[in-house]
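Read the structure below first, then the notes.
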Amino acid sequence: LSTPSADSNGRLHLPDRLLAVRRAAGAADLDGFLVCDRADVRYLSGFSGSSGWLLVGRDVAVLITDARYTEQAVLESPGWTSVIVSGSLAAGLCDQFPATVRLGVDPSAISLALWNQIEAVERVRWVQGASPVRALRLCKDATEIDAIRAAVTLAERALVQWLPGLRSGITEQEAAADLDYTCRRLGATGMAFETIVASGARGALPHARPGGSRLRAGDRVVVDFGCVVDGYCSDMTRSLIVGPAADAEWATVHAAVDGARAAAIRAIAPGAATRAVDAAARDVLSEAGLATYFTHSLGHGVGLEVHEGPRLATGSEDVLCTGMVVTVEPGVYLPGRGGIRLEDMVLVSADGADRLNELPTDAMHIATA
Ligand code: ZN
Ligand code: ZN
C-alpha cells in the first residue's frame, strides 16, 4: 500500500505524520496502531467523518468507515485504502495482516463496546498504551497555526459585532444564540463548545449553561465561547458589565484577574513548566487576597479539540515547547455574587509568547434598555 500524500489543498503534511506514527510503532516494538480517536483520525488522514478508524502498519494505511462515507473517504484521504464495513469494526481488521501482529490501541479512545468487537480478531495481539498521534498533535505546524489564528480572529470579529446589539432585559439564552449566529454568519463551521453566557450570581459557576435569567443593569456577565474554522478551535472569555461601571470592588477584582492573565503570558516560553505558568497567575491573585476564589486550572491546549494537551495546572508535569497553542484563563468566582474570567489564546514561539487574541481584556459594556 502506498503512503498517503498531501491533500488536495496541498496544505497538510500527512506523509510526515504517518511516518512519525510508524516510527513510534517501531520504537514501542509494535507492528502498528489502531487509531480510534476522531481528532487523531483527522490529524493523520484528513478524514473528517463522524465514524472512522485508521489501521497503521509498516506497509499498511487503511481507513475503516461505513457506507455513508464511501466517497468522502476517497476525497479526503487519498493514499489511504478505504474499507467500508457495516456493523462490526472487526470486519475491517480481518485479513489486513498475513501473520500475527502486535497492534497498539489507546484505551482512552475506545469504548468498551468497540473493544468487545475487536478483542477477539484473529492474528492481532493488542497492546494498550497512549496514542502516538495525540503526542504529535501537541505542537502545531504552520498550517494548523493559520487555522487557529483564523478561528481566533473570527471569534473576536463576532464578539465586536454582537455586543452593540445586546440590551439589558435579554435572556442569557438569547444572548448566547445571537453570538452563535454571528459566528456562523461570519464563516465558522461550528462552535467549539456550548457558548457560556452567565450573568449576575450565575457568573460564579465557571461552566454555567445559559438559562432564562435576564441581563439586568449592574450585572457582571461572563462570556466564554469559541469557533471552529478548518476543523480547528478557538476559545476565549471576556467579562462584561450591563450599563456603566459603578462598583469599585469589582473593578479591583477585574484588575487582579487581568494582572494574573498578563503574568501568566509573561511566564510562557519554550521549556517552561506549565505548572510554573499556572503559579505565575495564582501568585498575582494571592497578593490580591483572591487565590481561594480561583478554583480551576489556568489553561489547556487548543487544536482540533478545544480541550487537549498540555495542561496548565498545579501539579502538571507538562513542559511547553514551540508550536503549542494554549489558553490562559484565570478567574475569580465569588459565591452568590458573580465571577470574572479573562481568557486569551497564546502560541508558544521561539521568542516566548505570541498572544493570538487582539481584543483588549478590559470590561466591555452592554447597553441598558
Ligand atoms: Zn473558554
Ligand atoms: Zn478554555
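Nothing here was measured: the structure is a model prediction, and the numbers come from that model. Order of listing sets the numbers, starting from 1, for every ligand and every atom in it.
Taking Ile, Leu, Val, Met, Phe, Trp and Tyr as members and joining any whose side-chain heavy atoms lie under 4.5 Å apart, directly or through other members, the hydrophobic cluster of I170 also contains L159, V160, W162, L163, L166, L179, M191, V197, L215, V221, V223, F225, M236, L240, V242, L359, M364, I366.
Protein N, O or S atom count below 2.8 Å of the Zn ion (ligand 2): the structure gives 4.
With sequence neighbours left out, A208 forms a side chain to side chain contact (heavy atoms under 4.5 Å, CB included) with A198, R202, L205. The side chain to side chain contact (heavy atoms under 4.5 Å, CB included) search around V332 returns V253, V257, L285, L290, Y293, L334, not counting sequence neighbours.
Taking CD of E287 as the reference point, atom CZ of R282 lies at 14.5 Å (rounded to 0.5 Å).
Side chain of R68 to backbone of S51: no donor-acceptor contact under 3.5 angstrom is found.
Within 6.0 Å of CZ on R167 lie more than 12 heavy atoms contributed by other residues, nucleotides or ligands.
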